[in-house]
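First the structure, in the form of structure tokens, and then the observations on it.
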Protein chains: 2
Amino acid sequence: MEDEELMTIREMCAAFGVTPRTLRFYEAKELLFPQREGQKRLFTRRDRGRLKLILRGKRFGFSLEEMRQLLDLYDRGDAQEEQLKRTYEVARERLAQMERQRDELNEAIEELKGQLEWGAEMIASFRRPAAE
Amino acid sequence: MEDEELMTIREMCAAFGVTPRTLRFYEAKELLFPQREGQKRLFTRRDRGRLKLILRGKRFGFSLEEMRQLLDLYDRGDAQEEQLKRTYEVARERLAQMERQRDELNEAIEELKGQLEWGAEMIASFRRPAAE
DNA sequence: AGGGCAGTTGACGTTAACGTAACCCCGAAC
DNA sequence: GTTCGGGGTTACGTTAACGTCAACTGCCCT
């Protein structure tokens with residue numbers, strides 16, 4: 001409980017590959033709650049855990065606001081079943097969203113591929129007089 | 001060359017499922033060039049063709065600016081080979097981008113699925129005393 | 001005293017694609 | 001005469017996630 005391994009903003013940036021601005025921004029958005037030593041921020045183990053989840057969430061396409069809500073659930077509920085279930089559902093919804101998005105993207109890809117073949121024919125038809 | 005079949009803004013909106021604001025916006029961005037009858041806009045066949053391509057492009061994830069450039073190529077070059085090739089390349093690049101995006105999305109989906117299974121276990125472990 | 005660096009706050013800028021008033025004009029209908 | 005419908009223009013608002021200053025403060029070094 002003592003060696004919290006507090007980290008400065010620079011160390012955090014280096015460790016997670018983000019800018020200072022980002023960390024301050026996350027604090028303003030109440031995603032992180034670094035301690036203060038005078039003016040300076042000192043990030044705790046908890047902050048690191050949260051940041052890790054935040055960055056992971058971003059990869060999943062969660063917005064910062066969504067992540068804040070999820071993190072709050074983790075915090076407030078001392079891991080109560082109801083809250084875990086809620087989190088689980090949110091994640092499942094997001095997953096469904098992502099799958100829909102992927103499917104749409106695939107459709108668009110196929111359609112674009114079709115167009116490209118068409119375009120290729122057109123170009124080819126300009127090379128030769130189009131008469132076989 | 002005479003029956004241009006001019007359409008009012010309302011008709012265009014109905015035909016393409018967009019708002020007037022959108023059409024005016026596209027004109028401001030030089031994507032459309034409706035004629036004027038006094039104040040009123042009258043959309044030509046050419047505008048309809050362009051709008052159709054624009055909306056198709058949007059589904060592919062092209063930005064309006066990208067579409068503007070592509071449309072300008074179509075216009076200026078009277079279908080010259082060089083310009084078709086250019087268009088083709090832009091489209092191919094975009095396609096590659098989309099495929100990368102899809103792959104990333106798929107990775108994220110798989111990862112999230114993994115997390116969900118983990119979450120499901122956790123929840124289950126709260127139901128029963130976790131001792132088999 | 002002066003430099004230099006690390007950190008802070010505050011506030012405005014950015015990008016995309018429109019939405020949303022607010023206010024004006026014009027012709028037809030009641 | 002007036003209200004309604006359908007235009008039009010100008011211009012500010014929106015959303016997300018930071019970027020980019022500017023102006024300080026505090027501390028170590030020499």
Side-chain angles (χ1 to χ4, degrees), chain A residues 6-44 47 50-71 90 94 97-98 101 104-105 108, chain B residues 6-44 47 50-71 90 94 97-98 101 104-105 108:
Chain A
L6 299 175
M7 289 172 69
T8 75
I9 202 168
R10 284 289 158 201
E11 292 169 334
M12 286 292 280
C13 292
F16 290 93
V18 297
T19 72
R21 178 70 179 99
T22 299
L23 295 178
R24 297 194 191 104
F25 181 75
Y26 286 176
E27 182 184 6
K29 289 281 173 177
E30 305 197 85
L31 287 156
L32 301 178
F33 310 94
Q35 295 176 10
R36 292 305 177 100
E37 183 188 279
Q39 277 282 57
K40 300 181 180 175
R41 289 167 175 80
L42 289 178
F43 293 84
T44 70
D47 289 315
R50 292 177 72 100
L51 181 53
K52 192 171 164 188
L53 288 178
I54 291 164
L55 297 179
R56 175 181 301 169
K58 286 197 61 176
R59 294 216 318 286
F60 294 158
F62 288 94
S63 72
L64 292 184
E65 174 55 17
E66 285 172 315
M67 285 311 295
R68 194 186 59 73
Q69 292 178 23
L70 289 179
L71 288 171
V90 172
R94 180 64 200 150
Q97 239 180 71
M98 288 167 74
Q101 193 181 328
E104 280 176 33
L105 198 50
Chain B
L6 299 175
M7 288 172 70
T8 74
I9 202 169
R10 283 290 158 198
E11 293 168 334
M12 286 291 280
C13 291
F16 290 93
V18 297
T19 71
R21 178 70 178 97
T22 298
L23 295 177
R24 297 195 192 103
F25 181 73
Y26 287 177
E27 183 185 5
K29 289 281 171 176
E30 303 196 271
L31 286 157
L32 301 178
F33 309 94
Q35 296 175 9
R36 293 304 177 102
E37 182 188 277
Q39 276 282 55
K40 301 181 179 174
R41 289 168 173 81
L42 289 178
F43 294 83
T44 70
D47 290 313
R50 292 176 71 98
L51 181 53
K52 193 171 163 189
L53 289 177
I54 290 164
L55 297 179
R56 176 180 300 168
K58 285 196 62 177
R59 294 215 319 286
F60 294 158
F62 287 95
S63 72
L64 293 184
E65 174 56 18
E66 284 172 317
M67 285 310 296
R68 195 185 60 72
Q69 291 179 21
L70 288 179
L71 287 171
V90 172
R94 180 63 202 151
Q97 238 178 72
M98 289 168 73
Q101 193 180 328
E104 281 176 32
L105 198 51

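Naming convention: chains lettered A, B, ... in sequence-line order (proteins, then strands); numbering from 1 in each chain.
Summarising the geometry, the separation between CE on A:Met67 and C1' on D:dA17 is reported as 15 Å, rounded to the nearest angstrom. If you measure from atom CZ of B:Arg68 to atom P of C:dA17, you get 12 Å, rounded to the nearest angstrom. Here the C1' atom of nucleotide D:dG8 and the CD atom of B:Gln39 are 5 Å apart, to the nearest Å. As a whole-Å value, the separation of A:Leu23 CG from C:dA6 P is 16 Å. Across the protein-nucleic acid pair, A:Glu37 atom CD and D:dG26 atom C1' stand 12 Å apart, rounded to whole Å. When rounded to the nearest whole Å, the span between CZ of A:Phe16 and C1' of D:dC18 equals 18 Å. Whole-Å rounding puts the B:Glu65 CD to C:dT15 P distance at 12 Å. Residue A:Glu11 contributes atom CD, which lies 8 Å from atom P of C:dG7 at whole-angstrom precision.
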**Request:** Start with the C-alpha distance between A:Lys52 and A:Phe16, add both sets of side-chain angles, then the distance that settles side-chain contact (heavy atoms from CB on, under 4.5 Å), and finish with yes or no.
**Result:** CA-CA 8 Å; A:Lys52 192 171 164 188; A:Phe16 290 93; 4.3 Å; yes
**Test side-chain contact (heavy atoms from CB on, under 4.5 Å) applied to A:Ile54 and A:Leu32, step by step** = CA-CA 10 Å; A:Ile54 291 164; A:Leu32 301 178; 4.1 Å; yes
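Judged by distance alone, the side chain of B:Glu66 and the main-chain N or O of B:Ser63 form a donor-acceptor pair under 3.5 Å. Formation of a donor-acceptor pair under 3.5 Å by the B:Asp47 side chain with backbone atoms of B:Phe33 is found in this model.
Checked against C:dT8, D:dC18, C:dG7, the side chain of A:Arg41 finds its nearest nucleotide in C:dT8. Listed candidates were D:dT9, D:dG19, C:dG7. Nearest to the side chain of A:Thr22 is D:dG19. Checked against C:dT8, D:dT9, C:dA17, the side chain of B:Arg36 finds its nearest nucleotide in D:dT9.
At the phosphate of C:dG19, OP1 or OP2 sits under 4.0 Å from a side-chain N or O atom of B:Thr19. Checking the phosphate oxygens (OP1, OP2) of D:dT20, no side-chain nitrogen or oxygen of A:Arg21 falls inside 4.0 Å. Within the structure, every side-chain polar atom (N or O) of B:Lys40 is placed at least 4.0 Å from both OP1 and OP2 of D:dT9. OP1 and OP2 of C:dA17 both lie 4.0 Å or more from every side-chain N or O belonging to B:Ser63.
Expressed to the nearest 0.5 Å, how far CG of B:Leu55 lies from CG of B:Leu51 amounts to 4.5 Å. The line from CD of A:Glu11 to CG of A:Leu6 is 9.5 Å long, rounded to the nearest 0.5 Å. We find the CZ-CG distance between A:Arg59 and B:Leu105 to be 12.5 Å, quoted to the nearest 0.5 Å. Distance CD/A:Glu37 to OG1/A:Thr8: 10.5 Å, rounded to 0.5 Å.
Near-neighbour residues of DNA chain C inside residues 24-33 of chain B, defined by a heavy atom below 4.0 Å, number-ordered: B:Phe25, B:Tyr26.
Ion pairing between A:Arg68 and A:Glu65 holds under the 4.0 Å rule for side-chain N and carboxylate O. With respect to A:Arg41 and A:Glu27, a salt bridge is recorded, a charged nitrogen being found less than 4.0 Å from a carboxylate O.
Direction change of the helix axis from one end of the helix from C:dA1-D:dT30 to C:dC30-D:dG1 to the other is 40°, with five pairs defining each end axis (rounded to 10°).
Both B:Phe62 and A:Ile9 lie near DNA chain C, and the one whose nearest nucleotide falls closer to the 5' end is A:Ile9.
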